[in-house]
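First comes the structure, then the notes that go with it.
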Amino acid sequence: MKKNYFIITIVFLIIIIFFNFFSITKTETALSGNKISLVRKVQNPNRLINILLPKPEKVINIGDIIVHKDVVYADKTFRQLRNKTNRVFGLPGDRVRIYNKNVY
């Protein structure tokens, strides 16, 4: 009987740890509409639990696709959020220039 509780506890802990580091979200992409994605979480000052999550500076590189919350502007109270995807073009300290619809 104790062995069953031990196995259930281990499985429960693995699930909690997995969903602390990753998230399954429905994202809106510009080219293909809505998709379900597995997203790796990073530290966020707005989250209560940031234990063991990596800092964004160590994980995000140029060319990566990031998922962030975007406000639905028709909502006057700004309570309705949706997931949106963007590609990283620059990091802090980089200069980004748009010339003839090209990003440099």
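Atoms considered below: every heavy atom in the structure, side chains included; atoms not considered: hydrogens, waters and symmetry mates. Everything numeric in this text was worked out from a predicted model, so none of it was measured.
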Of all heavy-atom pairs linking V96 and G90, the shortest is CG2-CA, 4.2 Å
Donor-acceptor pair, R87 side chain versus D64 backbone, under 3.5 Å?
no
So V88 and N61, do their side chains get closer than 4.5 Å, heavy atoms only?
no
Residues two or more places apart in sequence or in another chain: which of them pass side chain to side chain contact (heavy atoms under 4.5 Å, CB included) with I98?
V103
Test of understanding: with side chain to side chain contact (heavy atoms under 4.5 Å, CB included), list the residues that count as partners of D94, not counting sequence neighbours.
I62, L91
